[in-house]
Amino acid sequence: MLKLDNATLDQIDVSDEELNRELSSVFGDTITDESIDKNIETSVGEFKADSILKGRIIGISGNEVVVDVGLKSEGYVPLTEWDDQSEIDPGDEIEVLLEALETDSGGLMLSKRKADRIRGWERLLSECKEGDKVEGKVMRKIKGGLLVDIGVPVFLPASQVDTRRPGDVGHFIGKTIEAVVLKIDEARRNIVISRRKLIETERATAKNKLMAEIEVGQIREGVVKNIADFGAFIDLGGIDGLLHITDMSWDRIGHPSEMLRIDQKTNVKVLNIDKEKEKIALGLKQTTENPWEKVGEKYPVGSKITGTVVNITPYGAFVRLESGIEGLVHISEMSWTRRINHPSEILQPEQDIEVVVLEIDKDKQEISLGIKQTETNPWTLVAEKYPPNTVVTGTVRNLTNYGAFIEIEEGIDGLLHVSDMSWTKKISHPSELLKKGEEIKCVVLSVDQEKARIALGLKQLTEDPWLHAVPERYIPGMIVKGKVTKITNFGVFVELEEDLEGLLHVSELSDEHIDDPHQAVEIGQELEVKILRVDTQDRKIGLSKKRADWASQGDEGGEGGKPSGGGFKPRRGGLHGSTGEDTTDMISATVLFNDKTAKPAEPEASEGDSEKSE
């Protein structure tokens with residue numbers, strides 16, 4: 001029952017007669033509380049909240065659309081509930097949901113969008129069931145997937161968007177897609193759809209058809225579905241085939257994305273089919289002619305061509321001759337004379353260079369190239385320029401345990417072996433005589449053009465003292481002075497002059513028996529010794545201290561006295577005098593290089609190397 005207090009009525013600027021007349025027109029001549037309640041229930045009963053009403057658009061007021069639903073007050077619907085506001089025409093009939101009978105402004109609160117959803121849901125339940133195919137427009141991304149409008153908003157999980165889960169499902173927004181209904185929850189009014197299941201069902205049908213008709217060698221059109229480091233997966237229409245990176249181009253590529261992009265259409269050749277495992281190998285480069293078929297005709301061995309450096313490795317450089325044709329320049333084929341540690345010392349990527357074709361292996365698709373072959377081999381002239389016995393000046397470039405490398409011209413090194421450094425001195429390491437960077441003179445001993453080697457000698461600049469100087473200056477029977485340089489268990493080495501030693505055997509130290517030479521002499525001690533023998537073949541001198549002592553006492557045990565001429569003074573050999581020249585033309589090649597008796601002095605001597613008596 002409607003009740004108005006007196007205070008409220010006093011505020012209404014209407015006379016009692018006018019009020020009664022209006023009420024009579026609504027409730028009849030007899031106005032009672034019961035008649036008023038009954039009429040209100042009759043007029044408003046069919047317009048309950050959350051009911052759907054039909055209305056007519058009157059116009060637009062601000063941000064709202066005014067709708068007449070047949071009640072005393074108009075209703076208001078927000079403009080935002082129309083996706084396209086150009087569709088709002090006054091006079092059009094629409095369905096709206098009555099959300100509230102009266103708002104703060106006195107109007108009705110209506111919603112067109114909610115009414116559309118309710119009608120759509122009712123229609124969907126009557127027409128659609130789980131497993132049915134539906135079509136809708138992707139509205140936006142939500143947590144876990146996409147919201148799709150198929151008449152009502154439904155959920156498309158990210159895992160059900162495609163057969164392979166895309167990295168970003170956002171690129172589907174705004175697109176119209178097809179899917180199947182996975183689940184309908186009437187109580188919660190939720191629907192879950194799957195595009196993946198629809199694709200898999202359609203692909204299964206297409207796959208069976210494809211596997212029945214596909215054959216090796218066919219050219220088929222496909223769509224790039226996925227790209228990996230090792231290749232790309234191509235959808236042939238029901239099944240994906242693998243296009244490996246090595247089958248994409250005859251030329252070198254670093255990544256499949258250099259040639260392909262997702263959703264790109266391309267023609268590929270079927271290389272292999274495994275129907276049991278349902279795997280198909282595809283080729284893109286096989287759709288064009290193989291450039292290696294005519295490589296022998298185009299690049300004959302020995303031809304000089306220009307190419308571009310495309311890759312550098314520690315063992316060489318790859319040079320592109322044309323698209324799909326590359327050859328290898330091995331590091332050993334880069335220079336005749338220069339020692340190259342890494343190809344990057346002389347080459348850079350994208351550098352154009354001249355090369356010579358050395359070898360072609362068509363089956364392995366390999367070409368061997370050379371850079372140094374574009375120039376004359378300097379070693380072909382070395383033998384003529386530096387014949388044996390030639391004196392040359394060079395720079396010590398490197399020292400090793402076995403000798404020194406001497407650069408006699410740019411790129412041409414010779415080996416000076418330790419055995420060819422001194423006639424008389426034992427050289428343990430070249431650093432005892434030479435320094436890196438030092439300039440020295442040497443003699444060319446031999447040239448091996450095939451192995452690109454030159455043998456050099458330093459001692460050969462002077463005559464071998466064991467040929468004349470030593471035997472002429474140190475005659476058996478002479479008394480000479482020397483200094484103890486080394487003591488062994490079998491004897492003592494005595495330096496007669498620089499770089500020349502003789503062996504004083506333990507039995508020749510004293511008349512008395514000596515077990516240990518250290519008991520009789522010490523390092524650095526000067527001794528007078530008698531020359532017993534000079535062996536030019538073995539390069540040894542035998543000495544005796546006890547026989548020198550006999551001579552100084554005027555008694556050699558019946559073997560004679562000192563040599564005639566009592567004023568004899570020990571002679572010095574002059575082995576380091578100016579007996580040689582800067583040329584070896586005076587030295588017989590037979591003596592220097594072929595005479596096997598001219599051997600380096602041996603550092604050790606055995607106990608039997610010295611005779612006990614002359």
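Since the model is a prediction, treat every value here as computed from it, not as a measurement.
- Atom CG of Asp361 has more than 12 heavy atoms from other residues, nucleotides or ligands within 6.0 Å.
- The local environment of NZ in Lys197 is sparse, with at most 12 non-hydrogen atoms from other residues, nucleotides or ligands closer than 6.0 Å.
- Remark: Glu81 CD to Ile88 CD1 distance equals 10.0 Å, nearest 0.5 Å.
- The salt bridge (Lys or Arg N to Asp or Glu O under 4.0 Å) check on Asp448 picks up nothing, with sequence neighbours excluded.
- Between Arg196 and Glu200, at least one side-chain nitrogen of the basic residue sits less than 4.0 Å from a carboxylate oxygen of the acidic one, meeting the salt-bridge criterion.
- A heavy-atom distance below 4.5 Å is found between the side chains of Ile454 and Val444.
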Exercise for review: Carefully, step by step, assess Arg56 and Asp92 under the rule salt bridge (charged side-chain N to carboxylate O under 4.0 Å, His left out).
Suggested key: CA-CA 6 Å; Arg56 182 171 54 86; Asp92 285 355; over 6 Å; no
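- Side chains of Asp352 and Thr308: a donor on one and an acceptor on the other come within 3.5 Å.
- In summary, the side chains of Trp250 and Ser323 do not present any donor paired with an acceptor at a separation below 3.5 Å, with no hydrogens or angles considered.
- Atom CD1 of Ile177 and atom CG of Leu156 lie 5.0 Å apart (nearest 0.5 Å).
- When the options Lys279, Arg203, Lys207 are evaluated for a salt bridge (Lys or Arg N to Asp or Glu O under 4.0 Å) with Asp240, the one that passes is Arg203.
- Because its NZ or CZ atom is both nearer than 6.0 Å to the ring centre of Trp82 and within 45° of the ring axis, Lys112 counts as a cation-pi partner of that residue.
- Each of Val309, Ile367, Val356, Ile371 was compared with Val329 under the side chain to side chain contact (heavy atoms under 4.5 Å, CB included) criterion, and only Ile371 meets it.
- Ion pair Lys129/Asp132 flagged as a salt bridge, since at least one NZ, NE, NH1 or NH2 atom sits closer than 4.0 Å to an Asp/Glu carboxylate oxygen.
- Looking at Ile253 and Ile245, their side chains come closer than 4.5 Å, going by heavy atoms from C-beta outward.
- Between the side chains of Glu439 and Thr393, no donor-acceptor pair of N or O atoms lies under 3.5 Å.
- Put simply, the side chain of Glu64 does not reach to within 4.5 Å of the side chain of Val77, judged on heavy atoms.
- Taking a cutoff of 4.0 Å between a charged side-chain nitrogen and a carboxylate oxygen, Arg220 and Glu213 qualify as a salt bridge.
- When the side-chain hydrogen bond (donor to acceptor under 3.5 Å, both in side chains) test is applied to His255, the partners found at least two apart in sequence or on another chain are Asp229, Ser257.
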